[in-house]
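Proteins come first, then strands; the chains are lettered A, B, ... in the order of their sequence lines, and each starts at number 1.
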Amino acid sequence: MARYNAKESEKHWQSEWERHQLFKTPEHGDKPKCYVLEMFPYPSGRIHMGHARNYTMGDVIARFRRAQGYNVLHPMGWDAFGLPAENAARDKGVSPRDWTYENIAHMREGLKMLGLSLDWTREFATCDPEYYHQQQKLFLQFYKAGFVYRGEADVNWDPVDQTVLANEQVIDGRGWRSGAVVERRKLSQWFFKITAFAEELLAALDTLDQWPEKVRIMQRNWIGKSEGLKFQFTLSDGGKLDVFTTRPDTLFGASFVGLSPDHPLTQELAKTDLKLQDFIAECRKTGTAEAEIEKADKLGYDTGLTAAHPFDPNWKLPVMVANFVLMGYGTGAIFGCPAHDQRDLDFARKYGLSVIPVVVPSDADAKTFSVGTEAYVGPGKLANSQFLDGMTVEAAKAEVAARLEKAGIGERTVNYRLRDWLVSRQRPWGCPIPMVHCAKCGVVALKESDLPVLLPEKIDFSKSGNPLDRDLNWKNVTCPECGGPAHRDTDTLDTFADSSWYFARFCDPHAREPVNKDAADYWMPVDQYIGGIEHAILHLLYARFFTRAMNRLGLIGIQEPFAGMFTQGMVCHETYRDADGWVTPDEVVKEGGKAYRKDNHAPVEIGSSEKMSKSKKNVIAPETIIADYGADTIRWFMLSDTPPERDIEWTDAGAEGCWRFVQRVWRLVSTAEGLAPTGAKIPADLDEYSLGVRRVVHRRTAEITDHLQNLRFNRAVASIYELATLTGSLNEKHNGAVKREALEALVLLMAPMMPHLAEECWRALGHESFAAQAPWPQFDPGIIASNVANIPIQVNGKLRANMEIVIGTSQEEVLAKALAFDAIVRAMEGKPLKKIIYVPNRIVNIVV
RNA sequence: GCGGGCGUGGUGGAACUGGUAGACGCGCCAGACUCAAAAUCUGGUACCGCAAGGUGUGUCGGUUCGAUUCCGACCGCCCGCACCA
C-alpha cells in the first residue's frame with residue numbers, strides 16, 4: 001500500500017474541480033439557496049493562519065450545504081483600499097495599485113492551495129474602477145436622499161508631515177514617522193447619517209437570532225440608547241446652558257457644571273481669556289481616541305461663571321471646562337455629581353469640590369454614609385435632597401423630570417451614544433468622493449454621467465501632505481453647475497464604506513447598477529457570515545446601515561444583510577525571545593521542553609502564546625505547512641479541538657497529529673477488505689454483530705450532521721475520530737454491505753473538512769463521481785435507537801454504583817434493583833432513608 | 001476609564017434544557033512488530049492512596065436531593081472603543 005501523497009493528490013483534485021467547474025454558482029432554479037460568506041481579506045501579500053481558519057470554516061459550511069442539496073453562493077474578493085498600500089508606496093517607491101494587485105495575485109494562489117470551493121468567476125477588488133464607480137453612484141444617491149451631510153470633525157494632525165494621521169499612526173501622542181507632537185484639528189468633512197437609523201438598528205438586533213449574543217450586546221452598547229433629561233441652567237452672566245443627564249435624581253448632589261473644551265460657550269469665553277485658550281490647547285494634545293481621552297488625567301478650568309441650581313436660585317455651581325466632557329455626546333455639557341459618578345468624583349477630589357451623597361444604599365445610614373475614593377452607583381434611597389428624600393432612584397428621576405418640565409426648563413429626551421459616521425479620509429488610496437467645490441456654487445454633486453471619478457494613474461508620495469490635493473491636473477475641474485473653475489473633493493471614502501455593501505455586489509458582480517435587484521432578491525441575505533470578533537461592532541454596524549439606506553432607496557429588498565453571523569477566534573503561537581529580542585519559530589529547536597537557537601544552540605526563553613503577529617515574530621505561514629503536509633492537514637487542524645469561537649494555538653505536535661490522521665484514513669480505506677460492491681443493498685436480516693456497527697455509524701452520522709449545522713467543528717472532528725476507530729475495527733465477521741456503508745459514511749462526512757483526501761478515498765472505494773457532488777449521508781433514527789440505558793446510582797449526590805436497565809422499566813423495579821447493590825447498602829449504612837429521586841432512564845439519587 | 005468575553009488533567013478541549021466531570025485529540029508510559037530506528041497496532045494515563053476510600057472544573061460564598069452549568073463577590077488573562085482592517 002502506498003502512502004497518501006497529499007501534494008500530488010491535492011493538485012490533481014483542485015484542477016479536476018476547476019475543469020468541471022464544480023463550484024460555479026448554479027442558476028437560481030427551485031432548490032433552496034444558501035449564501036455563505038467569509039469576510040473578504042485585505043490583500044497584505046500573504047495569507048496567514050487567520051485566513052486559513054476563517055476560510056476553512058466557511059468552506060466546510062459551503063460544501064456541507066451543497067451536499068445537502070442547497071444552491072450555494074460562495075464568493076471571494078478583496079478589501080483592497082487602505083493604508084498599508086500607501087505605506088508600501090512611500091517606503092518602497094512602488095505604486096499602491098501595482099503593490100495591491102501583485103499582493104492579490106499572491107494571495108489568490110495561497111487561497112487556491114487551500115482547496116476552497118469558491119466561485120472565482122465572481123471575484124473583484126474594491127479598488128477596481130468598476131467597483132468604486134458603483135460605490136460613487138451609491139454615494140450620490142445617499143446624498144440626494146439626505147443620508148450624507150457635511151460637518152466638522154477633529155482629526156490627528158501631524159504638523160511636520162502636513163498630514164492627517166490614523167489613530168494607529170499616533171504613538172504616545174507623536175506622529176509615527178515624523179515624531180512630531182500631534183495636534184487635534186478641525187476639518188470640514190463628509191458624514192453618513194447613521195444616527196437616523198439608531199433606533200431601527202437597535203430594535204432589529206432582537207430579530208437577529210442567529211447572531212452570537214455577545215455581538216448583539218456589543219452593538220447594543222455601542223448604539224448606547226439612554227433615556228434622560230435635558231434641562232437648562234441659568235448662568236451668572238444671564239446666559240442659558242443646556243445639559244443632558246441620565247441621573248436627574250442626583251441633582252441635589254451637584255457640585256459643578258462641566259463644559260466640553262469644544263463647547264461653543266467654551267470657544268466664546270476663550271476669545272477673551274488667554275489662559276482658557278492655553279487650557280483648550282492642552283486638552284487638544286490628547287489624541288482623538290476615546291480610550292485615550294477617558295484615561296487621561298482629569299483636567300479642569302474654572303471659567304469664573306456660575307450656574308444657578310434649578311431648584312434653588314441661591315445655590316451657585318461653578319462652571320468648569322473639563323477635558324473628560326465629550327462634545328459628541330448629549331449637549332457637550334453636564335452637571336457633575338461626584339458622589340455618584342467616578343469621573344466626577346476624581347475631578348472633584350482634584351479640584352476640592354464638595355461631595356454630597358444623595359443616594360444611600362438600603363443597608364447604610366443616611367446620616368453617616370459617605371463617599372471616599374469610589375463613587376456609589378448602585379440603587380438606594382434618596383437623601384439630602386429636600387422633596388426627593390426617601391424616594392427610590394427611579395421615582396426621583398421621574399419627579400425631577402416632571403418638575404423641570406413643568407417649569408418649562410427641562411425635557412425628557414432619548415440620547416444615543418452612536419455618532420454619525422465620519423467618512424472623509426485625507427488619503428490617496430481610496431474611493432474618491434464624487435463632489436466638487438466651486439467658489440461660486442459651493443459644494444456641488446457630480447452627475448451620474450460624470451462618473452467614475454478615477455484615481456490618477458500616478459500618485460506622487462515624494463512630498464508631504466495628501467497627493468490628491470497636490471495633483472492639480474486631477475484636482476482642478478470645471479463646475480458642473482456654472483462651468484466656472486472648481487476643484488474636486490480631494491478626500492476619499494473610509495474603507496469601511498467599501499466593505500459595507502460588497503456582499504450585495506457578489507450577487508451580480510458586474511451589474512451596471514451597484515446592485516442587481518433580482519439577483520439580490522434571490523441570494524440575500526447572507527445565510528452564514530463568518531469573520532473575526534474584531535469586526536463585531538463597526539463593520540457589522542456599517543453594513544447594516546448601508547443595507548437599510550439601500551433599502552430606503554429601493555435598491556435592495558432586505559433590511560438586514562446577515563441572517564447568520566459567526567465570529568471566529570484568533571490563531572496564536574508560542575513566542576520566543578533571546579537577548580536580542582523576538583525569535584521566529586523556525587530559528588528554534590525544542591528539546592525536552594526547552595528551546596534553543598538552531599544555529600548556535602543558545603538557550604531561548606519560551607514566552608506566552610499570543611496572536612500571531614509580525615512584531616512578535618511568532619508567525620507560521622500556511623504555505624509552509626501546505627508544502628510540508630498539504631491543505632487537508634492544515635484544514636483539519638483549524639477545525640479540531642478548539643471551539644471555533646475561541647482562540648486556537650498552533651503547535652507542531654498538533655499538525656503532525658493531523659497529518660497522521662490523514663494517513664490513517666487513507667490506510668483504512670485503501671486496505672479495506674471484503675467490501676460489497678458499490679450500491680449494494682444492506683440485508684434485512686443482519687446479525688447483531690453487524691447491526692451494532694450500523695447503529696454506531698448512523699449515530700455518528702446524526703451527530704456530525706448536527707454539529708456541522710451548528711458550526712461545532714471541533715465536536716464533528718471528535719465524532720469522525722470515533723467513526724474512524726470503529727471502521728478500523730471491522731473484520732471478516734462483518735457484513736460486506738455494512739462495511740461499505742461505514743467507510744462511505746466516514747469519507748463523505750469528512751469530505752467538507754478534508755475534501756482532497758475524500759476524493760481520493762471515494763475513488764478508492766470504486767466511485768467514478770466526485771465526493772464533492774455526493775449527497776450527504778442520511779441516518780435512520782430507527783437504527784440509532786437503543787433499548788437499554790445505563791443508570792448511575794448516587795447516595796447524597798455521590799456516585800456509588802451503575803446499573804443497566806431496559807428502557808421503560810417501572811420505577812419500583814429500578815429502585816428495588818438500585819437499593820440491592822452492595823456499594824449502595826454500604827454507603828447507606830446506619831443512616832435513615834430520607835427520599836429517593838428518580839429521573840426516568842437517567843439517574844437515581846438516594847438521600848439519607 | 002467604559003463595554004464585551006474567557007478561566008476544567010501534563011496539554012487542546014468534551015459534558016444536550018441542573019443529572020456518571022475529563023468524550024475525542026496531543027503528550028507520556030507499557031507491550032507487539034523490527035537487526036535497529038521510524039512508521040504502525042494494542043493497552044494504560046485527573047490527583048492522593050496498596051486498597052477501601054477521599055479530593056477535584058480560577059478563588060470565596062449562596063440556591064438545590066444533585067452545580068463545570070444558576071446567583072453574588074473577588075482574582076487573572078484577552079478583545080473592542082469610532083482614521084488599522
Side-chain angles (χ1 to χ4, degrees), chain A residues 3 39-42 44 79 81-84 153-156 164-170 194 212-215 217-218 220-222 224 288-296 298 324 328 342-343 346 417-427 494-496 498-499 532-539 541-542 569-570 572 593 608 610-611 640-643 645-649 651 653-658 660-661 663-664 667 706 712 714-715 717-722 725 728 790-802 826 834-837 839 842-848:
Chain A
R3 258 168 97 77
M39 289 178 185
F40 64 167
Y42 179 81
S44 54
D79 189 13
F81 277 134
L83 268 183
D154 282 342
V155 294
N156 298 309
V164 176
L165 298 178
N167 280 338
E168 73 156 12
Q169 296 173 321
V170 180
I194 191 171
E213 185 59 24
K214 64 174 170 178
V215 174
I217 291 171
M218 283 191 208
R220 206 169 282 134
N221 289 334
W222 187 259
T288 58
E290 186 184 293
E292 239 181 299
I293 294 170
E294 294 205 11
K295 256 188 277 187
K298 303 284 175 286
F324 63 94
Q342 193 59 47
R343 292 164 299 183
D346 295 343
R417 206 184 75 97
L418 181 69
R419 308 199 297 257
D420 277 332
W421 175 10
L422 168 63
V423 290
S424 300
R425 296 290 182 270
Q426 296 67 41
R427 314 204 182 283
D494 180 5
T495 57
F496 267 125
D498 311 340
S499 54
I533 185 72
E534 67 273 20
H535 292 295
I537 300 177
L538 292 181
H539 163 59
L541 197 62
Y542 291 153
M570 298 177 305
C572 302
S608 59
E610 306 206 33
K611 178 184 177 175
S640 303
D641 293 351
T642 305
E645 68 279 8
R646 236 186 265 183
D647 290 353
I648 194 171
E649 187 184 348
T651 61
E656 270 159 38
C658 293
R660 280 203 299 271
F661 184 65
Q663 292 297 344
R664 188 171 145 214
R667 219 164 27 242
D706 187 52
R712 294 187 296 246
N714 58 317
R715 305 269 310 276
V717 164
S719 292
I720 286 179
Y721 275 117
E722 290 179 293
T725 304
N790 188 287
I791 306 288
I793 311 163
Q794 300 178 331
V795 176
N796 284 351
K798 282 201 168 142
L799 179 73
R800 297 294 171 180
N802 263 291
R826 230 181 301 134
K834 270 219 220 102
K835 69 172 166 180
I836 301 182
I837 287 143
V839 183
R842 289 214 85 148
I843 199 168
V844 176
N845 190 10
I846 301 163
V847 188
V848 292

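Against the 90° criterion about 0, the sugar-base torsion of G12(B) places it in the anti range.
Rounded to whole Å, atom C1' of U64(B) lies 13 Å from atom NZ of Lys834(A). For Leu538(A) and G3(B), the CG to C1' distance is 13 Å, given to the nearest whole Å. Remark: P of G80(B) and CZ of Phe496(A) are 12 Å apart, rounded to the nearest angstrom. If you measure from atom NZ of Lys611(A) to atom C1' of A85(B), you get 10 Å, rounded to the nearest angstrom. Distance Ile846(A) CD1 to U64(B) C1': 18 Å, rounded to the nearest Å. Computed from coordinates, the Glu645(A) CD to G12(B) C1' distance equals 14 Å when rounded to whole Å. Atom CH2 of Trp222(A) and atom P of G4(B) are 14 Å apart (whole Å). The CD atom of Gln794(A) sits 12 Å away from the C1' atom of A67(B) (whole-angstrom rounding).
The OG atom of Ser499(A) lies 10.0 Å from the OH atom of Tyr542(A); values are rounded to the nearest 0.5 Å. Atom CD1 of residue Ile720(A) and atom CZ of residue Phe661(A) lie 7.0 Å apart, to the nearest 0.5 angstrom. Atom CD of Gln663(A) sits about 4.5 Å away from atom CZ of Arg3(A), to the nearest 0.5 Å. Between atom CD1 of residue Ile843(A) and atom CD of residue Gln794(A) there is a gap of 3.5 Å, rounded to the nearest 0.5 Å.
When all heavy atoms of Val795(A) and Arg800(A) are compared, the closest pair comes out as CG2-CG, 3.8 Å. Across Asn845(A) and Gly797(A), no two heavy atoms sit closer than the pair OD1-N, 3.0 Å. Nearest heavy atoms, Thr495(A) versus Phe81(A): CG2-O, 3.4 Å.
Residue-level contact check: Pro643(A) touches the backbone only, with heavy atoms under 4.0 Å from sugar-phosphate atoms and none from bases. Using a 4.0 Å heavy-atom cutoff across all strands shown, Ile720(A) reaches no nucleic acid atom at all. At the heavy-atom level, Phe324(A) lies nowhere under 4.0 Å from the strands shown. Nucleic acid contact for Leu418(A): base, since at least one base atom lies under 4.0 Å from a heavy atom of the residue. Counting any heavy atom pair closer than 4.0 Å across all strands shown, His539(A) reaches no nucleic acid atom. Using a 4.0 Å heavy-atom cutoff across all strands shown, Glu534(A) reaches at least one base atom of the nucleic acid. In this structure, Val717(A) reaches neither bases nor backbone, as no heavy-atom distance under 4.0 Å exists between it and the strands shown. Looking at heavy-atom distances under 4.0 Å, Val215(A) makes no contact with the nucleic acid at all. Using a 4.0 Å heavy-atom distance criterion, Ser499(A) is classed as making no nucleic acid contact.
Between Asn802(A) and U20(B) there is no side-chain polar atom (N or O) within less than 4.0 angstrom of OP1 or OP2. In this model, the phosphate group of A82(B) is approached by a side-chain N or O of Asn167(A) to a distance below 4.0 Å at OP1 or OP2. Phosphate contact (OP1/OP2 of C83(B), side-chain N/O of Arg425(A), threshold under 4.0 Å): present. In this model, the phosphate group of C41(B) is approached by a side-chain N or O of Arg667(A) to a distance below 4.0 Å at OP1 or OP2. Taking 4.0 angstrom as the limit, Asn845(A) places none of its side-chain polar atoms (N or O) nearer than this to OP1 or OP2 of G19(B). Side-chain nitrogen and oxygen atoms of Arg826(A) include at least one within less than 4.0 Å of the OP1 or OP2 phosphate oxygen of G53(B). For the OP1/OP2 pair of A14(B) and a distance below 4.0 Å, the side-chain nitrogens and oxygens of Arg646(A) include at least one atom meeting the criterion. In this model, the phosphate group of C84(B) is not approached by any side-chain N or O of Arg427(A) to a distance below 4.0 Å at OP1 or OP2. Contact annotation: Lys798(A) side-chain N/O to U55(B) OP1/OP2 distance is under 4.0 Å.
Nearest nucleotide to the side chain of Asn790(A), out of U20(B), C83(B), C65(B): U20(B). The nucleotide whose nearest atom lies closest to any side-chain atom of Arg800(A) is, among G53(B), G12(B), A82(B), G53(B). The side chain of Ile843(A) lies closest to U20(B), out of U20(B), C6(B), C83(B). In this structure, of G80(B), A85(B), C65(B), it is G80(B) that holds the atom nearest to the side chain of Ile537(A). For Leu83(A), the listed nucleotide lying nearest its side chain is A85(B); candidates were G4(B), G13(B), A85(B). Which of G25(B), C83(B), G13(B) sits closest to the side chain of Thr725(A) comes down to G25(B). Here the nucleotide nearest the side chain of Arg660(A), chosen from A39(B), C24(B), A82(B), is A39(B). Listed nucleotides: A85(B), C79(B), C41(B). Nearest to the side chain of Ile533(A): C79(B).
Using a 30° and 60° split on the angle between ring planes, Trp421(A) and Phe496(A) fall in the perpendicular class, above 60°.
Shown here, U40(B) forms a base pair with A32(B); the pair counts as Watson-Crick or G-U wobble because both key distances fall under 3.5 Å. G9(B): no Watson-Crick or G-U partner with both key distances under 3.5 Å is found in any strand. Taking a pair to require two hydrogen-bonding distances under 3.5 Å in either a Watson-Crick or a G-U wobble arrangement, G27(B) pairs with U45(B). Of all nucleotides present, none satisfies the Watson-Crick or G-U wobble test against U63(B) with each distance under 3.5 Å. Here A21(B) sits opposite no nucleotide as a Watson-Crick or G-U wobble pair (both hydrogen-bonding atom distances under 3.5 Å). Across all strands shown, nothing is found opposite U68(B) as a Watson-Crick or G-U wobble partner with both distances under 3.5 Å. Under the Watson-Crick or G-U wobble criterion, with both distances below 3.5 Å, A52(B) is left unpaired in every strand shown. Summarising the base pairing, A14(B) is matched to no nucleotide, lacking a Watson-Crick or G-U wobble pair whose two defining distances lie under 3.5 Å.
A residue-by-residue look at Ser640(A) and Gln663(A) shows that Ser640(A) has its nearest nucleotide of RNA chain B further toward the 5' end. Nearest-nucleotide mapping onto RNA chain B: of Tyr542(A) and Ile648(A), the residue sitting toward the 5' end is Ile648(A).
Residues forming a salt bridge (Lys or Arg N to Asp or Glu O under 4.0 Å) with Asp494(A) (at least two apart in sequence, or on another chain): Arg425(A).
Donor-acceptor pairing under 3.5 Å, judged by distance alone, is absent between the side chain of Asp641(A) and the base of G13(B). For C83(B), the base has a donor-acceptor partner in the side chain of Gln426(A) [N/O atoms by modelled type, under 3.5 angstrom].
A gap of 30 Å separates the P atoms of U8(B) and U40(B), to the nearest Å. Comparing the P positions of C70(B) and G53(B) gives a spacing of 32 Å, expressed to the nearest Å.
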Apply side-chain contact (heavy atoms from CB on, under 4.5 Å) to Val717(A) and Asp641(A), showing your working. CA-CA 8 Å; Val717(A) 164; Asp641(A) 293 351; 5.7 Å; no
